[in-house]
Amino acid sequence: MKLVKVFSGLALTASVLLLTACGSGQKEDTSLKDIQDKGTLTVAMNPEFAPFEFKALVNGKDTIVGADVEIANAIGKELGVKVKFSSMSFNNVLASLQSGKADIAISGISATKERAKVYDFSESYYESVNVVIVKKSDLSKYTSTADFENASVATQKGTIQEAVAKDQLKGAKVVSLVQNGEMINELKSSQVDAVVFEKPIAEAYVAKNDDLAIAEVKLESSDSDAYAVAMPKGSTALKEKIDKVIKELKDSGKIDQFVQDAYDLSVSGAE
Ligand code: ARG
C-alpha cells in the first residue's frame, strides 16, 4: 500500500517535470533567429498616417515613407536583414502578427495595456496627444468637450481614438471608418462634424486643407498611449535588439528629426 503511494508520488513528480520541460520547450524564443534566417524583416503598417507612414512620390516612384519607415530601416540594419513593408488597413495591422503575415508592426501603434496582453511592445518612441479637427468655420462652435453632444465624430477603425471619442466627447455619435482620407472627406463635406487624431497627424491634414482647423479642446491621454513597435508575444530576443535601436534613435534626437522631415515632405505636396 505504502509502496504504491510512493510510486504514484514519483510518477506524479516525473510527469510534472516532463510537462514543465515540454512547456518551456514550446516557448523557445526564435523571434530573432527566424528573421535573421529569412534575411527579411516584414513590417506591417497602414501608410495613411503622415508623418509616420504615408505614400509619396520619390524619384517618380510611389514609395512608403515616414518616421516609422526610418525606424524600421534602422531595425533592419541592426539585424542585418532587408526590410519589406506590408500595407494594410489599421484594424488588421496587429492581427497580422498573430497570423505570421508580418514579423513586427510599426504603425504609430499605442502600446496600451489591453494590447500588451496579446503582443510584446518595444520601448515607446513617441508621445501620443489627441486633438479634434473641425471645419474652420465651426471653430467657435466647438470650444469644450461638452460642445460635441449630438455631434457626429469620426475615428479610424481599430484605433484608441474610438475610445477617446466615446469616453471624452460625451453624447457624441462616434463613427468608425477604415480610411483616414475618407474621414477627412466626410468632414469637408459636412457628413461628420469632427475627426479625432493624434496631433502630428491632425497638423499634417490641416496644413493641406485650409478649410480645416484644430479645435481648442483639451483631450486626455494616458502614458500607455505612446507609440511603440509591436511584436508577437514572447519575442524577448527580438525586443532586446529593437529596444537598443529605439533608445539610440531617441537619445540622439533622430526620432524627432524623422518626424519633422516626414512632416515637411508630406505638406510639401509630395503625397
Ligand atoms: N495611435 C493610435 C492607435 O494605436 C492610432 C494609430 C493609427 N495608425 C495608422 N497608421 N493609421 O490606436
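Remember, it's 1-based here, ligands and their atoms both numbered in the order they're listed. Given the structure is predicted, the values throughout are model-derived calculations rather than measurements. Just so it is clear, the values below take in all heavy atoms, side chains as well, and ignore hydrogens, waters and symmetry mates.
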Under 4.0 Å from a heavy atom of Gln156: give me the atoms of ligand 1 that qualify, with their elements.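 Answer for ligand 1: 7 (C), 9 (C), 11 (N).
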
Identify, by atom number and element, the atoms of ligand 1 in contact range of Ile109, meaning under 4.0 Å from any of its heavy atoms.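 This gives 4 (O) as the contact atoms.
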
Which option, Glu162, Glu53, Met45, owns the non-hydrogen atom nearest atom 10 (N) of ligand 1?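 Among Glu162, Glu53, Met45, the closest heavy atom to atom 10 (N) of ligand 1 belongs to Glu53.
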
Looking only at N/O atoms, are [X] and ligand 1 under 3.5 Å apart anywhere?
X      : value
Arg115 : yes
Gln161 : no
Gly108 : yes

Give me the nearest non-hydrogen protein atom to atom 8 (N) of ligand 1 as residue plus atom name, then the distance to 0.1 Å. Ser107 O, 2.8 Å

Ranked by distance from atom 12 (O) of ligand 1, the top protein heavy atom is Ile160 N, 2.8 Å

Between Thr112 and Ser110: side-chain donor-acceptor atoms closer than 3.5 Å: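 No, no side-chain donor-acceptor contact under 3.5 Å.
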
To the nearest 0.5 Å, how far apart are [atom1] in [X] and [atom2] in [Y]?
X      : Y      : atom1 : atom2 : result
Ile104 : Leu41  : CD1   : CG    : 4.0 Å
Tyr125 : Ile106 : OH    : CD1   : 6.5 Å
Ile109 : Thr159 : CD1   : OG1   : 11.5 Å

Heavy-atom pairs closer than 4.0 Å: do any link ligand 1 to the side chain of Tyr227, the backbone, both, or neither? side chain

Please state which part of Glu198 comes within less than 4.0 Å of ligand 1, counting heavy atoms only: side chain, backbone, both or neither.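 For Glu198, the contact with ligand 1 is made by the side chain alone.
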
Give the ring-plane orientation class for Phe49 versus Phe52, where under 30° counts as parallel, over 60° as perpendicular and anything between as tilted. tilted

For atom CD of Glu216, decide whether the heavy atoms of other residues, nucleotides or ligands shown that lie under 6.0 angstrom number more than 12. no

Step by step, would you call Tyr227 with Glu198 a side-chain contact (heavy atoms from CB on, under 4.5 Å)? CA-CA 11 Å; Tyr227 296 176; Glu198 279 137 342; 2.6 Å; yes

